[in-house]
Protein chains: 2
Amino acid sequence: MARKGKMMEERHQKIMKYLVDYQLTNQYSPSIREIGDHIGVKSTSLVDYYLRQLTEMGYIDRDERVSRSIRILREYNGDRQGNVRSIQYSRQDVLSFPVLGRIVASEPIPVPGSDLAYFDSESSVEIPRKMLAGHGKESDLFVLEVSGDSMVDAMINDGDKVVFRQANKASNGDMVAVWLANNEETTLKYFYNEGSRIRLQPANPTMQPIYINDPKQVRIMGKVVMVIRNL
Amino acid sequence: MARKGKMMEERHQKIMKYLVDYQLTNQYSPSIREIGDHIGVKSTSLVDYYLRQLTEMGYIDRDERVSRSIRILREYNGDRQGNVRSIQYSRQDVLSFPVLGRIVASEPIPVPGSDLAYFDSESSVEIPRKMLAGHGKESDLFVLEVSGDSMVDAMINDGDKVVFRQANKASNGDMVAVWLANNEETTLKYFYNEGSRIRLQPANPTMQPIYINDPKQVRIMGKVVMVIRNL
DNA sequence: AATATATCAGAACAATTGTTCACAGTCAAG
DNA sequence: CTTGACTGTGAACAATTGTTCTGATATATT
């Protein structure tokens with residue numbers, strides 16, 4: 001049975017906290033000597049000793065003979081029970097999307113790559129890459145802000161940011177942005193191809209679907225990948 | 001006017017791409033010699049020369065005499081016009097929230113810190129810290145998943161993740177989760193204190209508000225900070 | 001033609017940094 | 001009491017790494 005000195009646990013915790021803080025401010029890891037200074041240990045060997053333990057415990061990861069190569073693998077939570085998980089924070093890959101424009105019901109959706117000149121929008125939307133997993137190529141994604149109450153039946157509110165994926169066809173069940181040539185408007189609906197006709201189902205279950213018999217009336221502009229409402 | 005050799009632009013681009021790739025796989029920056037090897041430059045001085053240029057151009061940032069301290073400030077886009085902004089990706093602070101439970105209209109909202117035993121939920125929601133700016137202390141935030149169609153009038157759908165901030169009072173205009181003692185249900189509404197009565201306004205503008213005269217009937221559980229719908 | 005910048009190598013240097021070894025005191029368990 | 005893990009220092013070493021200097025050629029601008 002591995003005994004535990006009173007220093008050890010405290011040191012482990014202090015080191016882990018230091019690593020997180022340091023990486024958050026500097027974007028890279030501290031050197032062994034910097035760690036030693038911070039936790040009040042004068043020999044690099046003792047720091048190395050603790051780092052080896054933390055590695056073995058699976059908290060960190062290092063590359064041999066590479067300076068400042070400590071990676072934080074998980075948050076330190078000592079011996080506490082694992083069933084109350086707190087908010088963790090870490091550095092992850094974040095995609096930053098410029099908000100290209102607004103969805104207006106009476107206009108087709110502007111799509112990147114078209115000859116429209118986009119001005120640099122001040123606003124952008126940040127989304128962790130992890131959250132977009134399984135949504136295909138990232139370069140196909142773009143973000144629009146919803147203007148007005150025209151999308152209420154899609155459960156989308158004024159000011160919401162909608163992440164789209166460029167597409168000109170859709171599978172059943174996808175929420176899509178479609179341009180209805182007849183009505184001259186853009187709308188967000190769930191898409192169902194029922195063979196003889198296309199059914200566009202509002203997200204709000206109390207509302208009735210739209211049926212369209214002529215496929216040419218429906219132009220799919222993109223699939224809705226994510227909706228973000230920041231209050 | 002600064003002239004530009006044909007190599008320069010290509011090198012800058014190559015270096016920036018390498019930095020991004022390297023950081024993505026290793027979580028730390030390459031050394032100058034590693035960069036040199038990769039772009040086919042045998043002297044460290046030339047690499048340093050390019051890195052100084054990139055620093056001056058505002059693409060990267062370094063700390064003097066610190067190994068592997070290159071920070072990527074923005075994505076390299078060369079001389080392209082600035083009005084078509086592409087998706088950028090970088091490493092940022094991300095908060096990872098465990099999804100604590102589900103909102104069910106017929107039950108009060110579970111709040112972290114209560115004596116409920118939370119099991120480790122597999123699902124978590126990642127949100128860049130930047131997106132949560134101005135929402136108060138991060139430790140007061142928690143996430144619930146919406147179950148069923150009970151929140152449709154709040155423009156919130158089955159499966160949506162809702163970020164709450166713990167609160168027991170609200171300002172006018174806040175979207176809040178309230179427990180209505182009378183009806184024995186939780187609901188999400190916009191909150192307005194009109195002096196003699198409390199008005200709870202559905203997000204859907206076509207729906208009618210609820211008026212409550214007895215403040216004791218209304219228990220505020222939390223404010224809605226963000227809604228995320230991942231399709 | 002003269003000048004400035006871009007391009008490039010090589011070396012030397014100093015600083016930072018990871019690794020390892022020797023040594024030693026404390027303390028709990030077998 | 002011996003063993004082994006914990007706690008700790010100090011030094012020495014080697015490797016990595018950033019910095020700087022010399023020197024050289026090329027190329028476009030003035």
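Keep in mind that what you see is a predicted model, and the values were worked out from it rather than measured. Every chain is numbered from 1, with letters handed out A, B, ... down the list of sequences.
- Per the geometry, CD belonging to B:Glu9 stands 11 Å off P belonging to C:dT7, to the nearest Å.
- In this model, the phosphate group of C:dT5 is not approached by any side-chain N or O of B:Tyr49 to a distance below 4.0 Å at OP1 or OP2.
- A:Ser69 places no side-chain N or O within donor-acceptor distance of the main-chain N or O of A:Arg65, the cut-off being under 3.5 Å.
- Put simply, OH on B:Tyr50 is 7 Å from C1' on C:dA6, counting in whole angstrom units.
- Applying the ring pair (Phe, Tyr, Trp, His ring centres under 6.0 Å) criterion to B:Tyr18, with sequence neighbours excluded, gives B:Tyr22, B:His38.
- Side-chain contact between A:Ile60 and A:Met16: present, with at least one pair of heavy atoms (C-beta onward) separated by less than 4.5 Å.
- Applying the salt bridge (Lys or Arg N to Asp or Glu O under 4.0 Å) rule to B:Arg165 yields no partners; only residues at least two apart in sequence or on another chain are considered.
- Residue B:Arg11 places at least one side-chain N or O under 4.0 Å from the OP1 or OP2 atom of C:dC8.
- Near DNA chain D, meaning a heavy atom under 4.0 Å away, there are no residues from residues 15-23 of chain B.
- Across the protein-nucleic acid pair, B:Ile35 atom CD1 and D:dT16 atom P stand 17 Å apart, rounded to whole Å.
- Protein atom CG of B:Leu46 is 7 Å distant from nucleotide atom P of C:dA9, rounded to whole Å.
- In this structure, the side-chain contact (heavy atoms from CB on, under 4.5 Å) partners of B:Gln23, at least two apart in sequence or on a different chain, are B:Ser29, B:Ile72.
- Residues A:His135 and B:Asn230 have side chains in contact (heavy-atom distance under 4.5 Å, counting atoms from C-beta outward).
- Looking at B:Glu34 and B:Arg68, a side-chain N of the basic residue comes within less than 4.0 Å of a carboxylate O on the acidic one, giving a salt bridge.
- Salt-bridge formation is detected for the pair B:Asp63/B:Arg71: a Lys NZ or Arg NE/NH1/NH2 atom is positioned less than 4.0 Å from an Asp or Glu carboxylate oxygen.
- What separates CE of B:Met8 from P of C:dC8 is a distance of 11 Å, to the nearest Å.
- Among the atoms of the strands shown, base atoms are found under 4.0 Å from some heavy atom of A:Ser43.
- Following rounding to the nearest Å, B:Arg68 (CZ) and D:dA15 (C1') show an atom-to-atom distance of 12 Å.
- A search for salt bridge (Lys or Arg N to Asp or Glu O under 4.0 Å) contacts involving A:Arg62 returns A:Asp48, not counting sequence neighbours.
- Distance OH (B:Tyr28) to P (C:dT17): 15 Å, rounded to an integer number of Å.
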Dump the pairs, protein N or O against N or O of nucleotides 19-26 of chain C, anything under 3.5 Å, distances to one decimal.
unit_1 : atom_1 : unit_2  : atom_2 : d
C:dT19 : OP1    : A:Arg65 : N      : 3.3
C:dT19 : O4     : A:Thr44 : OG1    : 3.1
C:dT20 : OP2    : A:Arg52 : NH2    : 3.4

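- Summarising the geometry, the separation between CG on B:Leu51 and P on D:dT20 is reported as 13 Å, rounded to the nearest angstrom.
- At the phosphate of C:dT17, OP1 or OP2 sits under 4.0 Å from a side-chain N or O atom of B:Ser67.
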